[in-house]
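Right, one structure below, let's go through it.
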Amino acid sequence: MYIMRSKRVAWVTVNTLTPLFWMVFAGSQDFKMRFHSFGRIIRWSLGPQLCRSIPSCQGSMEEAIECANDMEKNGLSPDVVTFNILAKGFHLLGLMSGAWNIIKKMLLKGLHPDQVTYTILICGHCQAGDVDEGLKLREEMLSLNLPLNCISYTVLLSSLCKSGRVVEALNLLYEMEATGVRADIVTYSILIHGLCKQGEVQKAIMVYRDMISKRIFPNSFTQTSILLGMCQRRTIKEARMYFDALTTSNLTDCVVWYNIMIDQYAKCGKIGEAVDLYKQIITKGITPSTVTFNSLIYGFCKQRKLDEARWWLDAMKLYGVIPSAITYTILMNAFCEERNMQSMLALFHEMETKAVVPTHVTYTVIIKGLCRQWKLQEAVQILNDMYAKGLRPDQVTYNTIIQSFCKARNLENAFQLHTEMLARDLVPTPVTYNLLINGLCVYGELTDADSLLVSLQDRNVKLTKVAYTTIIKAHCAKGDVQRAIFYFDQMMEKRFEISIKDYSAVINRLCKRSLLTEVKFFFLMMLYDGIYPDHQICEAMLNAFHERGDLQSHFQLLGEMIKLGLLID
DNA sequence: TTAGGGTTAG
């Protein structure tokens, strides 16, 4: 009971390494109570410091472990809960090897990991981005006859949703139902959110109805997911209607709903509406968050009103809201877009003086700025500095520099960076390959672009339509229509949605080379595909037919244009 | 006593 009075007492106890503690508990008959108090001390010794930097956290982990060791010295054996608390501590620090060591100790003591232990480990794998390892642990649990509970399922489900694997997440929900594990509001909220984010709004509604039928009622998290879904798949007006209904029918308003709405307005250029909502937040006495200001700043940056954007950064400070790395990065990117490197770097230094730690996105913006000034070696230097600072550049970081090396006709360095990505276990994105293919098409050998595309296809590397349209355009421009048709067929076989833009790109290039038979071939293919020509594409063809003296085709097309209403007078 | 959820930047 003494321990429970205040945190301060617990800290005194831990820091003086327990003599006081044992004086308090000496002679206590309530063994369980003493044991639980140790758990609290361990949690307290982890808690306040976990929020700080890693080195001080490690210190507190040592203290927690020392406390657990102290238990043993005093004749109390740590149990599964004690070990779980320690494992969780390591997990929070991202030190999963430490968590595994704790589990090993636990096993050596003849204790068996329980559902919580497994959940912590699953969480560790999932947060490291390895859901499949988490799913393997699920198999292990099942093989050990250790059924997963709602929380363990929810951790897996959350991670699957974050990786975009919503179908598998849905299947897990069905598995829960089949095994008699009742999903709760957290499970449903995560799933509805995941489905909405993937644009699967219909499925999200289905899950929502299922939830209501089980008499689980939405809370602010669920409502946030639905609002997001509305923003993604419906018009902003419909989202606003839902938002208005939320804010008028709920007793307590949630700042996240306002943030989502403000962000939507900021993104579509309706900054006035965004500011109006901000005023509503203040009038209602809701505390705006960093995200509120970030979205407003983004909105002003998008309108290229950088003075006003900067004013909002200062306004944050007046309200006691702390700017984050995202706040600074938004502004830095806006200055980068304006080619104002000086202001961009001034903001970066301001960040440093205010102890706001830059992220990999912040550095990517700096790299983008350097690339725009063709300071490519300096950009590579920043990339290396990132690793030295313990930051992991991502695909966008690499793509930014690769694009610039391609534009600078330095394909060797561009491919070197691609190799470096692979060496660092960073899976290149379809954009990486689009950039490299485009680089080879425009500044290198087209045959090399062909070889790259074929090798990617052979290795089943995920590609987007752009890879195909890029190579098709290049073959059209260089007159190898057979090859262009070959890739066009492939693009259709892969069921990419082909638009008039794609046909126009091909037909325009063929017109420029006066390859009229091929022009007619693609034009017919477009009509067969159910795509109506526009005025621009017809104009290009008319000119080409006229220039080559193919008057029959010229007048035939004119006739078609009149029928389609594309020719006025 | 220990495990799970929402909004923003390149």
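Proteins come first, then strands; the chains are lettered A, B, ... in the order of their sequence lines, and each starts at number 1. The analysis underlying the following values was restricted to heavy atoms, covering all of them including side chains, and did not include hydrogens, waters or symmetry mates.
- Counting only heavy atoms from C-beta on, A/Asp114 has its side chain closest to B/dT2 among B/dT2, B/dT8, B/dA3.
- Checking B/dG10, B/dG6, B/dT1 against the side-chain heavy atoms of A/Val396 singles out B/dG10 as nearest.
- The side chain of A/Val116 approaches B/dT2 more closely than any other nucleotide in the set B/dG10, B/dT2, B/dG4.
- Looking at the side chain of A/Val155, the nearest of the listed nucleotides B/dG6, B/dT2, B/dG4 is B/dG4.
- In this structure, A/Lys136 does not pair ionically with A/Asp132, as no charged nitrogen and carboxylate oxygen lie closer than 4.0 Å.
- Checking B/dA3, B/dT8, B/dT1 against the side-chain heavy atoms of A/Asp263 singles out B/dT8 as nearest.
- Counting any heavy atom pair closer than 4.0 Å across all strands shown, A/Phe221 reaches a base atom.
- Taking the side chain of A/Thr362 as heavy atoms from C-beta on, and the options B/dG10, B/dA9, B/dA3, the nearest nucleotide is B/dA9.
- Comparing B/dA3, B/dT7, B/dG6 by their nearest atom to the side chain of A/Ile260 picks out B/dT7.
- A/Asp184 contributes a side-chain N or O that forms a donor-acceptor pair with the base of B/dG4 under 3.5 Å.
- The base of B/dG10 is paired with the side chain of A/Thr397 by a donor and an acceptor separated by under 3.5 Å.
- Within 3.5 Å, a donor on the side chain of A/Thr187 pairs with an acceptor on the base of B/dG4, or the reverse.
- Looking at heavy-atom distances under 4.0 Å, A/Cys301 makes no contact with the nucleic acid at all.
- At a cut-off of 3.5 Å, with distance as the only test, a side-chain donor of A/Asp114 or A/Asn84 sits close to an acceptor on the other residue.
- Taking only distance into account, the side chain of A/Thr359 meets the base of B/dA9 through a donor-acceptor pair shorter than 3.5 Å.
- In the set B/dT7, B/dG6, B/dT2, the nucleotide with an atom closest to the side chain of A/Val291 is B/dT7.
- Classification of A/Asp314 and A/Arg310 as a salt-bridged pair holds, one side-chain N sitting under 4.0 Å from a carboxylate O.
- Between A/Arg138 and A/Glu133 there is no salt bridge, since no side-chain nitrogen of the basic residue lies less than 4.0 Å from a carboxylate oxygen of the acidic one.
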